[in-house]
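Have a look at the structure below, then the notes.
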Amino acid sequence: MTQIHRSHAGELLLQERRNTPKEVMDGIPHYIASDMPQQHADFFAGLSYLPLATLDQQGRPWVSLLVTASEGDPSLGIRQDGRSTTDIVATTSPYDPFARALRQAAMPADQRRLFAGVGIDFNNRRRNKIAGAIDEASVEESGKLRLRLISDQHLGNCPKYITVRALRHVQRTAELAHDSFDMRTGALPAEAKAVVGQSSTVFLATKYTAADDMADTQTDMGVNHRGGAPGFTRLYEERDGEKVTTFLVMPDHSGNRFYQSLGNIETDPQVGLVFPDFTTGHVLYVTGEAENLLDQDAEALMPRVSLLTRIKVSGAVLVKNGLNLELASAEQFSPYNPPIRHLRQELDQMGRAPVAQDSSAGITATLVSAQTLSDSIKTFNFKLSSPVNAPLPGGFGVFDFSGILDAGYSHMNEANPQLVNEDYMRTWTLSGSAGFDAQSNVFRLTDHVSITVKRKPGGLLSNVLHDNAGRLIAHKLPVAFKGTGAGFTCFSQPLEGAAPSVPSQMLWLAGGVGVTPFMAMWDGILAVARAQPSQIATDIVLLFSGRDDDINVLKHFQDKRGSLPDHVKLHIGAFQSGKGGAFAAQSARDDLRQTYPDGALGMHERRMEVSDIRSVARLHDREVFMCGPDALMTWCEATLTELGVEEARRHRESFVF
């Protein structure tokens, strides 16, 4: 019977929830061909590897990455015979669950053994989906397979999220490292979790079971590619005594809005996944029960994600050296890959999870003023619609600009690929501190927040702020303020009723706009010291590295000094490197010398050096806080190691949100 694909209830549910246009929903049957187009036949015939899935006797999907070409075995290959018949000779390891499922008898209730696959060419990001039934199958003990496929679904897919890589055949000796094919278990060994953590390419198998033979849609399977930056699939465990349950979490990246795979999950939770490691040749096969989480449920598990799939692992097979393919080139990740999204519990562990404000209040932030600090750095001051609990100084705020910037869905955008998954939300360090209440010993509620932002070449929202500050102020355009959090601060959470404290000796290492959290920490220290003179005594050395006139940000520390308490000391070392703005650089130096007439600032027209950190008095007694570009932070870490500064004394801003 020729398959006419109409969206089933699960697909329709997600299409409606995700606002797929009616014209797209109505057009889906026309995109899926019952007979294989000639261009698809030519494409499949040229593939040297093929992701393919079937069901085991329990109805669980297992997906594999089969090798279909080898210089040493000319019998391997994919041959198309007629409009819907495909003959495949391929190899895999004998431990591959796909091959093991083929050795089993088909489920009694299943009148045909289903299959699904997605042909993919990693050289050019081309891919085409195929599905139907396995007419004939044989599996040799070595893992060599012979298949005759009768396909009735053929669909071309876009190239987004595919990692470009050249692969060549290599003969490996497979080793079974973990096997729960014949048992139900949710635990994964560390080696399996490592494969998940490095993967930029995953293949997901799903299935749909029609209610009866007379249904508009037929029972079938689907396999699709899932890609992203390495580690885009997150993993966490739940423990109940000795029992361990593993969950995999995959955020949904913007696609064609058919929601075929996720729609299948809405009706049947059983899925299969394969994680190939093209560097080591290891392969992890997983089966489990999946669920889709949307909107607030998704956000609760993974902040800044409105749709994700969570898979509860029920079985897995890890085969070391199980993939007879190896990299023949460097990998090129897709420009469409969005940033990795972390689980809320991961952010909690890093102290980076935002604390949501009262959602019923609908707090907004309206830009009221902007201050130019350098050619590329400005401070933006916002008025909040309602006061919020401020984080400890050095904390962050989350701003949502989607209400004024989001232009809607875009399938492809070659000019700016990142816009396809742009959520128009940003997390910025708050560059000022709330006032301090001496009676309650807490930082007060505040309805004003400031951020100090450096213009980033190609950066969407940094350029929006820098270029449109006047219009935002004039038109009083509010943006949503989603919450605050604190993970990088020199303040210790006090006991109930006690004033917050800071280390008695600190070294602050900052580069560029990485000085922002220190601006807030300094404000907070002064606020507490003036309100409770006996509570804080600290000696701080700030070493700051900036280009050209970026060193102007250091004016913030002098402007806030006023009459400095005797028990609070700050010495600044400024290291100015040039990028071409000689006049601006000289002007910034002259301004700073006038701002700091008391010798509290040392100026150097060069990069920071090891000797500068070595010369810091009582270096090994200081708590060291670092924030800046990755290159500077890596150098600082190496220098501190060289100088014997304890790792326990080092605190580094993570920039993970």
Side-chain angles (χ1 to χ4, degrees), residues 367 369-382 390-397 399 426-436 443-444 446 448-455 462 465-466 484-491 500 502-503 506-530 536 538 540-547 549-562 564 568-576 588 591-592 595-596 600-601 623-629 632-633 651-655:
L367 187 64
S369 65
Q371 176 189 3
T372 298
L373 302 184
S374 74
D375 285 346
S376 61
I377 300 176
K378 290 183 178 180
T379 293
F380 301 92
N381 305 301
F382 290 85
L392 289 174
F396 58 85
F399 297 77
R426 292 295 184 272
T427 301
W428 283 300
T429 299
L430 301 180
S431 52
S433 169
F436 186 75
F443 288 97
R444 300 188 187 98
T446 182
H448 283 81
V449 293
S450 298
I451 55 175
T452 298
V453 180
K454 185 179 180 71
R455 183 192 292 273
S462 68
L465 284 174
H466 276 261
T484 62
F488 182 69
T489 180
C490 65
F491 283 86
V502 299
M506 289 185 279
L507 169 61
W508 292 351
L509 300 172
V513 78
V515 75
T516 303
F518 301 114
M519 294 164 67
M521 292 182 201
W522 179 240
D523 291 357
I525 288 171
L526 293 183
V528 175
R530 287 166 178 156
I536 285 188
T538 187
I540 305 167
V541 174
L542 166 61
L543 301 184
F544 172 78
S545 176
R547 289 177 173 172
D549 67 338
D550 283 355
I551 60 173
N552 273 326
V553 299
L554 296 176
K555 290 181 179 178
H556 177 93
F557 297 90
Q558 180 68 355
D559 292 344
K560 299 285 184 175
R561 282 164 73 107
L564 199 62
V568 175
K569 302 183 186 304
L570 173 67
H571 179 80
I572 301 174
F575 300 86
Q576 184 190 43
D591 286 348
L592 279 179
T595 302
Y596 286 88
L601 172 70
E623 296 294 312
V624 183
F625 295 83
M626 298 173 279
C627 184
L632 177 63
M633 294 301 92
H651 313 275
R652 178 172 176 166
E653 170 64 288
S654 68
F655 294 109

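Values below: all heavy atoms of this structure, side chains included; hydrogens, waters and symmetry mates excluded.
For Ser374 (side chain) and Ser376 (main-chain N/O), a donor-acceptor pair under 3.5 Å exists by modelled atom type. Of the possible donor and acceptor atoms, none in the side chain of Asp375 sits under 3.5 Å from a partner among the backbone N and O of Asp549. At least one donor-acceptor pair closer than 3.5 Å links the side chain of Gln558 to the backbone N or O of Thr595.
Pairing each heavy atom of Leu592 with each of Lys555, the nearest pair is CD2-CG, 3.8 Å. Contact record, Ala520 with Pro393: O-CB, 3.3 Å, taken as the closest heavy-atom pair. When every heavy atom of Leu509 is checked against every heavy atom of Met633, the shortest pair comes out as O-CE, 4.2 Å. Of all non-hydrogen atoms in Gly511 and Pro629, the two that sit nearest each other are O-CD, 3.5 Å. In plain terms, the two heavy atoms of Phe396 and Ala486 that are nearest each other are CE2-N, 3.9 Å. The two residues Ser462 and Lys454 make their nearest non-hydrogen contact at CB-O, 3.6 Å.
To the nearest 0.5 Å, atom OH of residue Tyr596 and atom CG of residue Leu601 are 6.5 Å apart. Atom CE of Met521 is separated from atom OG of Ser433 by 11.0 Å, given to the nearest 0.5 angstrom. The distance from atom CZ of Phe625 to atom CG of Leu542, rounded to the nearest 0.5 Å, is 13.0 Å. From Met626, atom CE reaches atom CG of Leu543 across 12.0 Å, with rounding to the nearest 0.5 Å. To the nearest 0.5 Å, atoms CD (Gln371) and OG (Ser431) are separated by 9.5 Å. Distance CE/Met519 to CG/Leu373: 6.0 Å, rounded to 0.5 Å.
Within the 4.5 Å cutoff, side-chain heavy atoms of Ile525 are placed close to those of Met506. Using a 4.5 Å cut-off on side-chain heavy atoms (C-beta onward), Leu465 and Lys378 make no contact. Put simply, the side chain of Leu430 reaches to within 4.5 Å of the side chain of Ile451, judged on heavy atoms. With contacts defined as side-chain heavy-atom distances shorter than 4.5 Å, the pair Phe382/Phe399 qualifies.
Across Val502, Thr538, Ile540, a single residue satisfies side chain to side chain contact (heavy atoms under 4.5 Å, CB included) together with Cys490, and that is Val502. Remark: of the listed residues Thr452, Thr379, Asp523, Asp523 is the sole one forming a side chain to side chain donor-acceptor pair (under 3.5 Å) with His556.
In summary, the aromatic rings of Phe491 and Phe443 are positioned with their centroids under 6.0 Å apart.
A donor-acceptor contact under 3.5 angstrom links the side chains of Asn381 and Ser369, judged on distance only.
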- prompt: Does the pair Val513 and Val453 meet the rule for a side-chain contact (heavy atoms from CB on, under 4.5 Å), with working shown?
  reply: CA-CA 7 Å; Val513 78; Val453 180; 5.8 Å; no
| message | ring pair (Phe, Tyr, Trp, His ring centres under 6.0 Å), that's the test. Do Phe518 and Phe544 meet it? Break it down for me. | response | CA-CA 10 Å; Phe518 301 114; Phe544 172 78; 9.5 Å; no
>> Would His466 and Phe380 count as a side-chain contact (heavy atoms from CB on, under 4.5 Å) here? Give the steps.
In response: CA-CA 9 Å; His466 276 261; Phe380 301 92; 4.0 Å; yes
inquiry  = Assess the residue pair His571 and Phe557 against the criterion (ring pair (Phe, Tyr, Trp, His ring centres under 6.0 Å)); give the C-alpha distance rounded to whole Å, side-chain angles, the decisive distance to 0.1 Å, and a yes or no.
reply    = CA-CA 10 Å; His571 179 80; Phe557 297 90; over 10 Å; no
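No more than 12 heavy atoms of other residues, nucleotides or ligands shown are found within 6.0 angstrom of CZ on Arg547.
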